[in-house]
Every structure is written in C-alpha cells, then in structure tokens.
Student: 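One structure coming up, written as structure tokens, with questions to follow.
A note on names: the letters A, B, ... follow the listed sequences, proteins ahead of strands, and every chain is numbered from 1. For clarity, every value in this text was computed on a predicted model and none was experimentally measured.
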Number of protein chains: 2
Amino acid sequence: MGRGGGVAARLKDVAERAGVSVRTVSNVVSNAPAVAPDTRARVRRAIDELGYRPNLAARNLRQGRTGLIGLAIPEIHSPYFGELAGLLVEAARERGWTLLIEQTAGSAERELEFLSGRASNTLDGMAISPWAIGTEQLRRHTGGTPLVVLGESDPQGAADHVVIDNVAAAREMTSHLLESGRTRVAAVGSQPHLGNGTAALRLRGMHEALAAAGRTIDPALEVPVASLHREEGRRAMGRLLDHGSPPDAVFCFSDELALGAVYEAKRRGLDVPGDVAVAGFDDIEDGRYATPGLTTISPRKDQIAASTLQCLADRVYGRLDHLPARRITVPHRLVVRESTGR
Amino acid sequence: MGRGGGVAARLKDVAERAGVSVRTVSNVVSNAPAVAPDTRARVRRAIDELGYRPNLAARNLRQGRTGLIGLAIPEIHSPYFGELAGLLVEAARERGWTLLIEQTAGSAERELEFLSGRASNTLDGMAISPWAIGTEQLRRHTGGTPLVVLGESDPQGAADHVVIDNVAAAREMTSHLLESGRTRVAAVGSQPHLGNGTAALRLRGMHEALAAAGRTIDPALEVPVASLHREEGRRAMGRLLDHGSPPDAVFCFSDELALGAVYEAKRRGLDVPGDVAVAGFDDIEDGRYATPGLTTISPRKDQIAASTLQCLADRVYGRLDHLPARRITVPHRLVVRESTGR
DNA sequence: CACGAAGCATGCAACGTTGCAATAGGCGCG
DNA sequence: CGCGCCTATTGCAACGTTGCATGCTTCGTG
C-alpha cells in the first residue's frame, strides 16, 4: 500500500519503497553510522520521492522530548522584549529547538500559570522574564522542566538565572549625569509593589553614585510608575516639572519611559538636553532614532539569549542535570547620545 | 505501581488510584458525557492528587493534531509585526492553540522553508506575512496544512487571504495631503524587486489620488527602499532633500520609514510639518509618541488577527475543508496627527 | 578450517493517548 | 418473567517512532 494522495508518508512507506526494513530507514533518518552506503543512498532517494518528513509527535512520544522551549515575557510588542524574543527565537533555532512565546501582560496569575501550566510535559525547557512574581514564587518551581529566569527576581537556586549588573549600570549612568554637570538628578521607574526587583536595584545604584559624589538624596525626585510604557514616562515627567524645583536630569529605568519623558518636556517647550537631560535603559532601536538620540544603558541582549539557551541545553542534554543552579551576569555598556549632552 | 518522585503521572496512574479503567479516566479528562457523577468526582480527585496533566505528544500522535499554529513574519522586533504577533498569540490562546513564531528576515529562502518545512505534520495551521516571495510561489502551496496569507502576495486560491485595501488607504492619505495644501507629494517605500506587492498597490493608490486631483506624477519623487526600517527612511529623505526641487510632503509606506524621514528632516534644520509634511503607514505605537505625532493609516490589527484565526479554525475543525479560498478585507482608517498639520 | 569480530540489517516492544466495539448492570414494558 | 434498551464502564488496538537485542553475512586470523 502506497498511501496515495496528500497523506503524509511514514517510515513504513519509505521502507517499502526502498525495499528495506522500517528500522533501517529510521537509522538513515537519524544518521546512525551502521548503514551501508548504497542502502543509505537508496533510502535517501525513497525519502525524497515520497517527501517523507518525520512525525514529530511520534518521535516526541518515544523520546520524551518535544523540541519546544517556552518563553514568557510581559508583551511581545514592547521594543525591549521584542528584540530579546527575536534573538531567543534565532538562538533556539540554531540549536534545533523551536521557541514558543507566551505573553503574561505583567500579571502574576499568568506568570504562575506559565510556570505550572503546560510545562510538565509539553516543553523541554522554559525561560521567563518575571514581572509581577518574585523570589518566593519562583522558588516553588520544583524542577520538573529546566527553567531559566531572566532579569531580577532571583530564584535562589531553584533555577538558572541570567542577569545584568543593574546596580553597576545605574551607578554608571548616574555618574555620567553628575560628571556632565547635572545637579538635580531624578529617577523615573521605581515599582515598589512588584515582585520583580529590578527597579529597586537601579535605584540602589543611583543612590550609591549620589553618595559617592557627596550629593543628598531627594525622595521628591523619585517617581514610581505603574508600567514602563511611554505614557507613564510622560506622566512622570509632568509631575517632576510641576514640582517646585524641577530636576535638570531625569534617569528613566527604561527607554520607553525616557521617550515619553522627552515627549512631555518638549511639549512644554523645554529643550532636551539644554533644560533637562534624559537618560534611558535598554537601548531599544527607537532610542537611536529619536531626536535627540537617547543616552542609555545597553545590555548585551545577544549574550542574554545565548546564555539562556546554553543553560537550557546543559540541563536538557548535558549532565549538568543536577548541578546547582547557575547565575550568569551579562555585560552592559553606557551609550552616550545627545539626550544628555551639553 | 505508583511511579514515585518527579515522574509525570499518566492516565494509568490516575486510573489505579481512582479504581477505574484507563478509558474512564480518559473520558473524564475529555469531558465525555457518559460518566456517572460520583465516578467523575472520584477521578477528578485522583487527578488533582497526582497532579496529572495529559501528555500532549501522545494525544497529538493519536489525534493527528498538535495544537500548534505557525506564524512566519520578517522579524519579531519590528513594531508593526511585533504588535501583530502579540495579537495573534492572544487570539490563538483564546482558541486553545499555541502560536509559534518563525522569523524569515525577509529572505525568500526562509519563507519557502517555512511553507514546506515542518508544516507537513507538526502544525495544525500556518500563517505567513510574505515579504520576498510572491503569488507564484504561494500558489505552489499544496494544501496539506491550512494556510492563511497576510497582506499582499495574493495566493490566488491556494490559501485564505487577509488584507487591507492598500489602494484605497494610499488614496485617502494622498488626498489628505493634497487637501491640506501640499503640492509636491513624494513617496518613500516602493520595492520593485520584491514578490510582496504591497508597495505597488500603495503607489497605485497614490497615483489615483494625484490623477483625480489633476496633478502630474513626478517619478523623481518616488524613492525605492531596501527595507522598511528607519535608516532607509532617513536615507530616502536625504535624497529627496538633496533634489533640485524638494517635496513639501512625503508619504512613507511604513511608520518606521516615516520616523527615519522625520529624523533626517529635523537633523537638517527643517520643520515638520512646517517645511515638509510626513505621513506613515501602520499606526505603530512609536508614531503616537513621536514629535510631531505621526499621521498614518491605521489597519485594524485586532481584526487581522481574529480573521486569521477564524480562517484557520474553519479549515482545521470546520467543514470548510474543501471550500474555495476566502479573501477577507479588514478595515483601516486615516489617523491625522501633527506631522501633516498646518 | 574454525572461530571470533565487525558490519549491516531486522523484529519486537513500548512511549501515553483515544476511537471503536463490546460488556455488565439496571430498568421499563409486554 | 423475559426481552430489549439504555447507561456506565471496559478492553483492545493503533497512531509513528526509536531502544534493545538479535540474526545474518563476510572477513581476518590463529
């Protein structure tokens, strides 16, 4: 029986056509060594003629692997997460994996659903950039599926962890602003209610730099936000400018916040950087083409992606299965553009 | 045997614990009607106690479905495709599907690889936003897996097709520019070498509007681009401004091109919209927060996503299996902001 | 010439699930 | 009281693949 029409060919069909056993075809497909050259050629031809493609469901069932890696991020269309997701898709592809993206919309419920949901047997590995949940909830991850945590929210040994040095980065940015002559540096982006501790670290780095320069810390210049979107940055800048003695520099904890802040400053007729310097964080593409070009912290996103997949590969294929969780710090650099110039 | 430790529970384990057959557990899991209420309750309890989750690989193998939909777009991190991908992920999720995103980087090779690659048996359905390939290559799609084509490149019956009326949209935008007093309208974004015919349609719409207003068409004001990115928009604007008699309005075929164009105009000390009006296409978030706010064409992206999944659902589950391919036109609207104001 | 090794090919079983057909028990009706 | 029908439950087989063990050659060596 040749299984006519559009029905997908199976190993059995190829075997019949090539006049060998199913097992031999399987050996050819999986590049097993013990196959005679002419047999291999004959099988290859049959495969081409029938357009055979392995049935992944069957392979997965047999091997207990799916070839799928899950990624949970707050939203795909945000510039930062979009760029990161794109890099992760490529990195996964290079390793023969397929990346599957889940959006959590920054909701704790959906983040937890991702961690406990399909994980158990649909995915070979998972990566999450947590937003609402923190260390406590990540620690509950019981290891069934390898997990990599991106960004803050230290899983404390419950999973591998890829980060940048947020404290140092914020320190560098703050120092840059102070060294270029700014005296009242505001911070936009603290998020006191979130599990994700990123903002707290950046605030700490900023405080360290202020202290090192002998400046006092003015709590009125630290504006919390509900999200890292442009609209929040715009609102925050508005509040700062309405303040009795407004800042001459604003350090936003994301480029999007910074773009919103710049928008509001310009809307009010202020010059950036003349009247107020604005700096961001993430180095998204928009920042490069904004006027003025946005000064920012640029994390090596490509290395974040590479490290994430390396961690997963080590746990899925390697013998690092029961080694203690790793913590990988990816480098970053300060990119100075016009928005903080003189 | 209870399969201790972290090993995933199977139907068999649940069955033993609940004192029923494997088949009955399966019936409970799939909400089959013929199960006595107390049996159902007992099985449910066992499921919870063991933390049972169905093994999708096995289910897929048995049913011939995977629950996966593939999406191929040029790049995730572009604002337009990022927003679209996010909406599609949500729409798929609502229908119990998982969307898997493939990046083609606008390469014909990778687009074709997507169409013929894993499709045959890993995906329940596919959607592609073609860039380099055109009608000819799409027509070769032989229907194994349901396919939806997004944007131009009419598959001519080989697949369902979701579009906006690019000709009408470009006509509306051009008329808007002419009506607000502009006389020399340039077009940035034609892509003569591409299979994807979107740019050609927008150019046609523009010509129609020019003709309707009794204007002549100046080929020197039509600038081709290699991509739809900001950098290309910037370059194109540079070329137009170096031209002997520069335009007083520039219609860019994407918002990103427009943002690049605005950047270059401002860099040269020109006022937008005072000296030159700039309009885009796509209505990406950046355009809303740019200064000046970007006039654009806003396609109903949510409807594109919804229609795409509706088409796929009809073919995968429904009885529309062998109905002729559909073509769905999604509405759009002209959004006037400051970049074309007076 | 016999024997082991090496190279190649094969058959069987199992992964966890669900479609199909069949069974056991309960009930109403003739 | 017995027949048939309906409900609840069950067993068997199969989806397409690969791990394991084994069989069949052929060749080299003592």
Student: Reading DNA chain D from 5' onward, which residue's closest nucleotide shows up sooner: Ala58(B) or Gly19(B)?
Tutor: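 Looking at the nearest nucleotide for each, Gly19(B) comes out on the 5' side.
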
Student: Do Arg23(A) and Asn27(A) have side-chain atoms, one donor and one acceptor, less than 3.5 Å apart?
Tutor: yes

Student: So how far is it from Ile101(A) CD1 to Leu88(A) CG, rounded to the nearest 0.5 Å?
Tutor: 8.0 Å

Student: Could you state the CG-P distance from Leu61(B) to dT18(C), rounded to the nearest angstrom?
Tutor: 11 Å

Student: Looking at Asp314(A) and Arg326(A), is any side-chain nitrogen of the basic one under 4.0 Å from a carboxylate oxygen of the acidic one?
Tutor: yes

Student: Let's test your reading of the model: under 3.5 Å, does the base of dT17(C) pair with the side chain of Arg62(B) as donor and acceptor?
Tutor: no

Student: To the nearest angstrom, how far is Arg10(B) atom CZ from dT18(C) atom C1'?
Tutor: 16 Å

Student: Where the side chain of Leu11(A) is defined as all heavy atoms beyond and including C-beta, which of dT18(C), dT18(D), dG16(D) is the nearest nucleotide?
Tutor: dT18(D)

Student: Rounded to the nearest Å, what distance is computed from the CZ atom of residue Arg53(A) to the C1' atom of nucleotide dT17(D)?
Tutor: 17 Å

Student: Under 4.0 Å between a Lys/Arg side-chain N and an Asp/Glu carboxylate O for Arg10(A) and Asp13(A)?
Tutor: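 Salt bridge between Arg10(A) and Asp13(A), a charged N being under 4.0 Å from a carboxylate O: yes.
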
Student: Rounded to the nearest Å, what distance is computed from the CG atom of residue Asn55(A) to the P atom of nucleotide dT17(D)?
Tutor: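 One finds 6 Å between P of dT17(D) and CG of Asn55(A), rounded.
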
Student: Indicate whether any N or O donor in one side chain lies under 3.5 Å from an N or O acceptor in the other, for Gln310(A) and Arg315(A).
Tutor: no

Student: Would you call Arg300(A)-Glu83(A) a salt bridge at under 4.0 Å N-O?
Tutor: no

Student: Quick test of your reading of the model: are Glu113(A) and Arg93(B) salt-bridged, counting only N-O distances below 4.0 Å?
Tutor: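 Looking at Glu113(A) and Arg93(B), the cut-off is met.
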
Student: Looking at residues 23-45 of chain A, who's got a heavy atom less than 4.0 Å off DNA chain D?
Tutor: Arg23(A), Ser26(A)

Student: I'd like to check the side-chain hydrogen bond (donor to acceptor under 3.5 Å, both in side chains) partners of Arg42(A); sequence neighbours left out, ordered by chain and number.
Tutor: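 So Arg42(A) forms no side-chain hydrogen bond (donor to acceptor under 3.5 Å, both in side chains) with any residue.
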
Student: Given atom CD of Gln63(B) and atom C1' of dG19(C), what is their separation to the nearest angstrom?
Tutor: 10 Å

Student: Taking side chain as C-beta onward, heavy atoms only, is Ile69(A) less than 4.5 Å from Thr98(A)?
Tutor: no

Student: Round to a whole Å and report the spacing from NZ of Lys12(B) to P of dT18(C).
Tutor: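 My rounded result for the distance is 16 Å.
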
Student: To 10°, what angle do the rotation axes through the five end pairs on each side of the helix from dC1(C)-dG30(D) to dG30(C)-dC1(D) form?
Tutor: 60°

Student: How long is the line joining CG of Leu56(B) and C1' of dT17(C), in whole Å?
Tutor: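 Between C1' of dT17(C) and CG of Leu56(B): 11 Å.
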
Student: By nearest nucleotide on DNA chain D, pick out whichever of Val22(A) and Val22(B) is the more 5' one.
Tutor: Val22(B)

Student: Give a yes/no on whether any side-chain N or O of Arg59(A) is located under 4.0 angstrom from OP1 or OP2 of dT18(D).
Tutor: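 Affirmative; the distance criterion is met.
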
